[in-house]
Amino acid sequence: MIKPYNALFLFLLCTILATTTYGQGMLQRRISLQLRNKPVAEVLKQAEKQAGFYFSYSNDMVKSDSMVTVSIKNKPIASLLESLFGNRYQYIESNDHVIIQPALSYQYWYVSGMVVDKNTGEPVSYATVYERQQLISTMTDEHGRFRLQLKERKPIASISISKVSYADTLIMLSGDQPQDIQISIQQIQYTLDSVVISGVEKNWLANIMLSSKQTMNSLNLNNFFAKQPFQFSLTPGLGSHGRMGAQMINKFSFNVFGGYTAGVNGFEIGTLFNIVKHDMKYVEIAGLFNIVGGRASGVQVAGLYNSVLDSLSGIQVAGLSNIVARDAKGIQVAGIYNHALNSKGIQISGIGNITVKHARGVMVGGIFNSTRNMDGVQIAGIANVNVKRSSGVQIAPIANVTAREMKGIQISAMVNLAQRLKGTQIGIVNIADTSDGYSIGFFNFILHGYHKLSVSTSELQHVTLAYKSGNRKLYSILIGGFQLDNKQKAYSVGYGLGSDMPFGKKGFFLNPELTHQYIYAGNDEQQSLLARLQINIKYRIGKLCYIYAGPAFSILYAKQVAIPEGYRSDFINGYPSVSFGREVTGWLGWNIGVDLF
C-alpha cells in the first residue's frame with residue numbers, strides 16, 4: 001500500500017516530467033528519420049507525424065518538390081530544418097503549427113496569421129489584409145491564412161482587414177518582432193446595392209484580363225483609394241503598387257503590357273491595354289483597348305476598342321468601336337461602330353452609330369445611324385432610323401425612317417418614312433401617316449392625308465386621268481392621258497405637283513398644278529416633252545366631289561419628224577402661241593375637270 005505522502009510525491013514527479021516534455025518548444029522535440037531521395041514535402045510530413053505538430057509554409061517560398069536525403073537519430077526538429085534550409089528561414093510557433101517564413105532582413109518584416117469569423121470561428125477565405133501607409137496588401141488563402149510582408153519596421157504597425165459582407169477591422173501590432181496572430185472579423189447585414197462589382201470588372205474584355213482574386217480584392221477594398229504620382233506595371237497586379245494597384249489614382253501610368261488602376265488624373269499609356277476602375281482625365285492611349293469604369297474627360301485613343309461605363313467629355317478614337325454607357329459629349333470616331341446612351345457632338349463610323357435615347361449634333365455612318373430622338377444631322381450610306389422624333393436633317397441613299405414625328409428634312413434617293421410629318425420629304429417614295437409638311441417625290445402617300453382621283457379634259461387631250469396624293473399644301477400627281485378620236489391618237493404620261501389653297505367663300509380653292517409629261521404620237525424619235533402650268537379655281541360641291549377649271553400655259557419640245565397616219569400632229573389647235581425656237585413652242589390653253597374622293 002502506497003502511503004499518502006508517497007502518492008503526492010509520485011503525482012508531482014509525473015507533473016514535472018509532463019511539463020518538461022510538452023512545455024519545451026516544438027522545435028526542440030526530438031525525432032529520428034532515415035530517408036533517401038525523398039521530396040522536402042515528404043520529409044516534413046514524416047517529421048510532423050513524429051513531433052505531433054504541423055508545418056505551415058507557402059509552396060512559392062519553399063521548394064517542397066526538391067529531392068533530399070536525410071539521416072538523423074534522436075535530434076531536435078531544429079537540426080532537421082537547419083540541414084534542409086540552412087539559415088534562409090525563420091520559424092514561428094503558433095498553437096500546433098510551426099510557420100516557416102523567410103529570415104528577417106533589415107528592410108522587411110512579416111505579419112502572418114489567420115482570419116476567422118467572429119461568430120462561428122470558421123476561417124474566412126479571400127479577405128484582404130493590408131497596411132494603409134505602405135500600401136501593401138495580401139489575401140487570405142482558402143484556409144483563412146495570410147502572410148503580409150511589410151517594407152519598414154515601425155514601433156507600431158496598423159493592419160486592416162476588409163472582406164465583402166464583413167465590417168472593416170483594424171488592429172495595431174508591435175513592430176519589434178515577427179507576428180503570427182488570429183484576427184476575428186464581424187459579419188454585417190448589407191443590401192445587394194451596397195456591394196456591387198464596379199462596371200469595369202463586369203466588362204467582358206476586362207473580365208478576361210483580370211483574375212478572380214484581383215476582382216475579389218478590388219471588391220474587398222471598394223472604399224479604400226489612395227493618390228500616387230505615378231505607376232509602372234507589367235500586367236495587372238504586377239507592378240510598382242502590387243496588389244494595391246487597383247486602388248491607386250495616378251497622375252502618370254505606364255503599362256508595359258496592360259494595367260489596372262483606380263483612376264487616372266493625367267496621362268496613361270499601355271502597349272496593349274488600360275483598365276481604369278473609376279474616372280480617367282486628360283489622356284489615355286492603348287495599342288488594343290481602353291476600359292474606364294467611371295467618367296472619361298479628355299482623349300482616348302485605342303487600336304481596337306474604347307469603353308466608358310459612365311459618361312464621356314472629349315474625344316474617342318478607335319479602330320473598331322467606341323462604347324459609352326451614358327452621355328457622350330464631344331467626338332466619337334470608329335472604324336466600325338459608335339454607341340452612346342445620349343450623344344451631343346459628332347459620331348463618325350465606318351458602319352454605324354447608335355445613340356439609344358437622344359442624339360444632338362451630327363451622326364455620320366457608312367451604313368446606318370440609329371437613335372430614339374434626334375436634333376441635328378444624320379448622314380448614312382444606307383439608312384437612318386429614328387425610333388421616335390427627328391428635328392433636323394436625315395440624308396441617306398436608301399431610306400430615312402422616323403417612326404413618330406419628323407420636324408425637318410428627309411432626303412433619300414429612294415424612300416422616306418415618317419408617322420407625323422411636320423417638315424419636308426424629298427425622295428422617290430415618301431410615306432407618312434399624317435402630314436402637315438411637304439412631300440416631294442415621284443410617289444407621295446399620306447395614309448390619313450390627301451387622296452384624289454381626277455378626271456379632266458383640255459385643249460391638249462380629250463381625257464386625262466390623275467392620282468393626287470399628299471396634303472393640301474403640296475401633293476404629287478401621277479398623270480395619264482389619251483384621245484377619243486382614233487384619227488388623232490396621242491398618249492401621255494407624266495408627273496406633277498399641286499396645291500389646294502382655300503380662299504374667299506367657304507368651299508373655294510385656288511388650285512395651281514405644275515406637270516411634266518411625255519407625249520407619244522406614233523413615232524419614238526419625236527420625243528415630245530411637255531411642261532404645263534394650270535391655274536384652276538376649284539369648288540367643293542359635295543363631301544367627295546370637287547369641280548375645277550382654269551387657264552393653262554404649256555411649253556412643248558418636239559422634234560420635227562414624220563407623224564404616222566392616224567396620230568395627232570398639232571397640239572396647239574390655233575390657240576395663242578409663242579415660238580421659243582424651231583422645236584419649242586408655248587401656248588395658252590384651258591383645263592376643266594372633277595376630283596373624286
Side-chain angles (χ1 to χ4, degrees), residues 22-115 123 125 127 129-131 134 136-155 157 159 161 171 173-183 213 238 242-243:
Y22 294 101
Q24 64 181 338
M26 287 184 284
L27 294 176
Q28 300 305 314
R29 297 180 187 178
R30 295 179 174 271
I31 62 172
S32 298
L33 288 176
Q34 294 291 331
L35 298 172
R36 183 176 181 81
N37 292 330
K38 296 293 183 181
V40 169
E42 178 64 25
V43 173
L44 295 178
K45 284 184 180 180
Q46 294 293 334
E48 289 174 344
K49 290 180 180 179
Q50 292 190 37
F53 62 81
Y54 301 97
F55 288 105
S56 179
Y57 57 89
S58 169
N59 288 327
D60 295 334
M61 178 184 66
V62 176
K63 295 182 179 180
S64 57
D65 56 352
S66 298
M67 306 301 290
V68 296
T69 297
V70 175
S71 178
I72 61 173
K73 186 175 182 179
N74 195 29
K75 288 187 178 181
I77 291 287
S79 298
L80 171 65
L81 296 177
E82 184 177 356
S83 66
L84 290 175
F85 306 125
N87 59 359
R88 296 197 304 271
Y89 301 107
Q90 62 177 338
Y91 310 100
I92 300 172
E93 299 180 13
S94 176
N95 298 326
D96 58 348
H97 282 74
V98 170
I99 302 165
I100 303 175
Q101 294 184 349
L104 285 175
S105 64
Y106 69 93
Q107 65 206 59
Y108 294 113
W109 68 293
Y110 301 87
V111 174
S112 62
M114 178 180 290
V115 177
S125 59
V129 182
Y130 61 103
E131 207 284 327
Q134 299 183 30
I136 295 174
S137 72
T138 188
M139 293 186 74
T140 59
D141 61 19
E142 61 271 21
H143 305 297
R145 294 203 62 81
F146 70 90
R147 179 174 175 274
L148 182 67
Q149 175 181 289
L150 300 176
K151 295 179 182 178
E152 301 174 6
R153 182 180 293 278
K154 295 181 177 180
I159 306 299
I161 301 90
I171 62 170
L173 297 177
S174 172
D176 59 355
Q177 60 183 354
Q179 303 279 342
D180 188 82
I181 55 178
Q182 178 169 298
I183 305 170
K213 284 188 176 182
L238 185 59
R243 294 176 182 266

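By the 4.5 Å heavy-atom criterion applied to side chains, Q34 and V70 are not counted as neighbours. Two residues are said to be in side-chain contact when any heavy atoms from C-beta on lie closer than 4.5 Å; E93 and F53 fail this criterion. Between L84 and L44 there is a side-chain heavy-atom pair separated by less than 4.5 Å. Side-chain contact between V111 and V129 is absent, with no heavy atoms from C-beta onward closer than 4.5 Å. Contact of the L81 side chain with the Y89 side chain is not registered, since no non-hydrogen atoms from C-beta on lie closer than 4.5 Å. Looking at V40 and D65, their side chains never come closer than 4.5 Å, going by heavy atoms from C-beta outward. Residues Y91 and I77 form no side-chain contact, since every pair of their non-hydrogen atoms from C-beta on lies 4.5 Å or further apart. Counting heavy atoms from C-beta outward, M67 and P39 have side chains that approach closer than 4.5 Å.
Between the OG atom of S64 and the CD1 atom of I100 there is a distance of 10.0 Å, given to the nearest 0.5 Å. Of the inter-residue distances, the one linking L33 atom CG with L80 atom CG reads 6.0 Å to the nearest 0.5 angstrom. The NE2 atom of H97 lies 8.0 Å from the CD atom of E48; values are rounded to the nearest 0.5 Å. If you take CD1 on I92 and OG on S112, they are separated by 5.0 Å, rounding to the nearest 0.5 Å. Rounding to the nearest 0.5 Å gives a distance of 15.5 Å between NZ of K38 and OG of S66. Interatomic distance, OG1 of T138 versus CD of Q149, reported as 10.0 Å (0.5 Å rounding).
For N95, the CG atom is loosely surrounded, since the number of other residues' heavy atoms within 6.0 Å does not exceed 12.
Not a single donor-acceptor pair under 3.5 Å links the side chain of T140 to the backbone N or O of F146.
Side-chain contact, Q50 with Q46: no donor N or O sits under 3.5 Å from an acceptor N or O.
Across all their heavy atoms, K213 and M139 have their closest contact at O-SD, 3.6 Å. Residues L27 and P76 share a closest heavy-atom pair of O-CB, 3.6 Å. Residues N74 and S32 come closest through the heavy atom pair N-OG, 2.8 Å. The minimum heavy-atom distance between L150 and I136, with the atom names listed, is CA-CD1, 4.3 Å.
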| message | side-chain contact (heavy atoms from CB on, under 4.5 Å), that's the test. Do I159 and I181 meet it? Break it down for me. | response | CA-CA 11 Å; I159 306 299; I181 55 178; over 6 Å; no

| said: Working note: L35 + T69, criterion side-chain contact (heavy atoms from CB on, under 4.5 Å); need CA distance, chi angles, decisive distance, verdict. | reply: CA-CA 6 Å; L35 298 172; T69 297; over 6 Å; no

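Applying side chain to side chain contact (heavy atoms under 4.5 Å, CB included) to I99 and the options R145, Q90, R147 leaves one that passes, R145.
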